[in-house]
There are 2 protein chains.
Amino acid sequence: MKNTAVPSDDLTVAERMRQRFDDLTRAERQLASTMLGNYPVTGLGSITTVAEAAEVSTPTVVRMAKKLGFAGFPQLQAALRAELEATISNPIVKHDHWAQDAPDTHILNRFAAAAMENMRLTLNQLEPDQFDAVTGLLADEKRKIYVVGGRITRALADYLFTHLQAIRNDVTLIASNSNTWPHYVLNMAKGDVLVAFDIRRYEHDILRLAEMARERGVKLVVFTDHWGSPAASGADHSFHARIEAPSAWDSSMVSLFIVEALIAAVQNETWKDSKERMHELERLFDQTKLFRKFI
Amino acid sequence: MKNTAVPSDDLTVAERMRQRFDDLTRAERQLASTMLGNYPVTGLGSITTVAEAAEVSTPTVVRMAKKLGFAGFPQLQAALRAELEATISNPIVKHDHWAQDAPDTHILNRFAAAAMENMRLTLNQLEPDQFDAVTGLLADEKRKIYVVGGRITRALADYLFTHLQAIRNDVTLIASNSNTWPHYVLNMAKGDVLVAFDIRRYEHDILRLAEMARERGVKLVVFTDHWGSPAASGADHSFHARIEAPSAWDSSMVSLFIVEALIAAVQNETWKDSKERMHELERLFDQTKLFRKFI
DNA sequence: CGCGTTCTGAAACAAACTCTTCAGAATCTG
DNA sequence: CAGATTCTGAAGAGTTTGTTTCAGAACGCG
């Protein structure tokens, strides 16, 4: 019952979609993404269902099927069923459906498992009140914000800084070079906020900076791992993200997650003001682009 | 999305068929046996196909569907698809309680849900081969590595750079200011690798840089979102991470995940050499610290 | 900014599917 | 074995699905 019009090469539908992804149009990509996202179940419904799931029209589905080398949608679907049969009847291929074709022991899957576990553990013990309190601090335009990171966490600090800077005024990224830090401390006023990233191996300089800031009445927010940087003990608020990974290095993924959630929360809180600010920013970027074009 | 006319008991179609096998007529048993024999694939075709496969008539199929408690064949089929989805889909999908005390509508939980979904979707369509190939490129000490990011993705580029730099020689972070980029291009040789981060809104400069690099025979690896930066179409390898978030900003979390997994993989691949290198690095850091202490 | 190209989905049509009806076959019962 | 009962699939009615067409939208390019 192997359908007729299926091309000779023995590629799966998924492979076809990925392989020709670049040739696909916007709507087709949307469709392919949807189908890949819940592969192969989505593709097994009627063409109408599939189209609705991907929020495209049925003609788009037909067109993509043809682009991928099938005579029509029914043929594509038949191919999906054939694949499914091949997969299911093979007992070895259990459910290693993380990265579909990779064995469970592939670093990608091991890393994914660790990452998910880190997320789960972190979220379980994250206190929403803390989170909201920090949101409040960062959203308060009366407070100046300082952001600092260490050797590795510099990237996180940078990320938070870049976004906060777009959202509000008075945000400063403290340069890596700790020689210059006294200058920053000098400018800090009571009620300002210092966000410090300090994940093991903890950096002594950051602890010192945090202490100096606190002496000046600065609110201290620390991002650290779940063992806790020494700087976290004196902090007003701290986030303890899990960082374990099957790697010689720690994972910053969960920390980044918290940072992004914070950015979203601050953006929400200040939307009234930041909306106009964002639009103006867009305009400025467009101008920069225009400007460059004519150089 | 559980279709309407499905009975309340949460039985699979297979269970229903077996449970009521004795109530079935000859033709119906024949049908049920066929469907169970290649479960659930056979049941996923059209009613005509199913009937033919079991060598019974279509009315028989309809009658059995109704006997099993479904409104009709399409409903039975929908149940099959739902089962399949439940079986195949990831363990990731169903963590019900994220941040324990926060209501579901709290930004933390909404963000967490989006993040997990992004992970799932991305992993589903990530190609391990692609990943391994990039690992190979980055682990190859004969190739120089250049890393570049855009306004937001700069942090990711920085993160990758910081780690790679610890792992191997000849890694360069291309500065943000695109005026200086020609200098870098000048130094690029055939076989070198350019890792470019370009997530919407895509930056024209990065596209230009990528093109220039490619003209010089440089291997191009692009990190982008699942819509795909224009730079990705000319790339030797590209990673398409999902970036949707309940935020005015896109999420870089999944991209960071891929970066970290890559770092781990490269570290593994080069462990023989990088091990000694890492230890030396540790020693150097310790010396720096000692040094500072006595100033 | 205007032009040509490509893309997209509404609409109409053709094909296939699903279900119902019903007559004959098979089976059971006394 | 006759008669009642149940089962079954051919045939066709009524839906839904799958495909094509086409006009407008979106896009890219000079």
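These numbers come from a predicted model, not from an experiment. Numbered from 1 within each chain, the chains take letters A, B, ... in sequence-line order.
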Could you give the [atom1]-to-[atom2] distance, from [X] to [N], as a whole number of Å?
X	N	atom1	atom2	answer
B:Gln77	C:dC19	CD	P	10 Å
A:Met64	D:dT20	CE	P	16 Å
B:Phe70	C:dC19	CZ	P	12 Å
A:Gln30	C:dC7	CD	P	15 Å
A:Gln75	D:dT17	CD	C1'	13 Å
A:Phe73	C:dA15	CZ	C1'	15 Å
B:Glu55	D:dG9	CD	P	10 Å
B:Leu76	C:dC17	CG	P	17 Å

Establish, with yes or no, whether the OP1 or OP2 oxygen of C:dG9 is under 4.0 angstrom from a side-chain nitrogen or oxygen of A:Thr60.
->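 So the side chain of A:Thr60 is within the cut-off, an N or O lying under 4.0 Å from OP1 or OP2 of C:dG9.
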Phosphate contact (C:dT20 OP1 or OP2) by B:Lys66 side-chain N/O below 4.0 Å |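 It does, given that an N or O in the side chain of B:Lys66 lies less than 4.0 Å from OP1 or OP2 of C:dT20.
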Nearest-nucleotide 5' precedence on DNA chain C, B:Pro74 against A:Lys67 |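 The answer here is A:Lys67.
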Restricting both atoms to N or O, compile the protein contacts to nucleotides 26-30 of chain D shorter than 3.5 Å, with distance only.
none

With distance as the sole test, does [X] use its side chain to make a donor-acceptor pair with the main-chain N or O of [Y] at under 3.5 Å?
X	Y	result
A:Gln267	A:Ile167	no
B:Tyr146	B:Leu173	no
A:Arg29	A:Leu24	yes

Sugar-phosphate atoms are those with a prime plus P, OP1 and OP2; base atoms are the rest. Using that split, label each nucleotide of nucleotides 10-16 of chain D B, S or - for protein heavy atoms under 4.0 Å, 5' to 3'.
-> B------
Which one, D:dG9, C:dT18, C:dG9, comes nearest to the side chain of B:Arg26?
->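 For B:Arg26, the side-chain atoms sit closest to D:dG9.
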A:Ile47, nearest nucleotide to its side chain (from C:dT8, D:dC7, D:dT19) |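 The answer is D:dT19.
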Which value, rounded to the nearest 0.5 Å, describes the distance between A:Leu36 atom CG and A:Glu15 atom CD?
->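 It comes to 11.0 Å.
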Quick one: sort the B:Phe239 and B:Phe223 rings into parallel, tilted or perpendicular, breaks at 30° and 60°.
->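 B:Phe239 and B:Phe223: tilted rings.
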For atom CD of B:Glu55, is the number of surrounding heavy atoms from other residues, nucleotides or ligands below 6.0 Å larger than 12?
->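 At most 12 heavy atoms, drawn from other residues, nucleotides or ligands, come within 6.0 Å of this atom.
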Criterion side chain to side chain contact (heavy atoms under 4.5 Å, CB included) against B:His237, the qualifying member of B:Lys219, B:Gln130, B:Glu127 =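 When B:Lys219, B:Gln130, B:Glu127 are each tested with B:His237, the side chain to side chain contact (heavy atoms under 4.5 Å, CB included) holds only for B:Gln130.
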Kindly indicate whether a cation-pi arrangement holds for A:Arg16 with A:Phe70, taking the cut-offs as under 6.0 Å to the six-membered ring centre and within 45° of the axis.
->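 Judged by the rule (NZ or CZ under 6.0 Å from the ring centre, within 45° of its axis), A:Arg16 counts as positioned above A:Phe70.
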Assess whether side chain to side chain donor-acceptor pair (under 3.5 Å) is satisfied between A:Arg168 and A:Thr270, documenting all intermediate values.
-> CA-CA 8 Å; A:Arg168 49 162 290 166; A:Thr270 63; over 6 Å; no
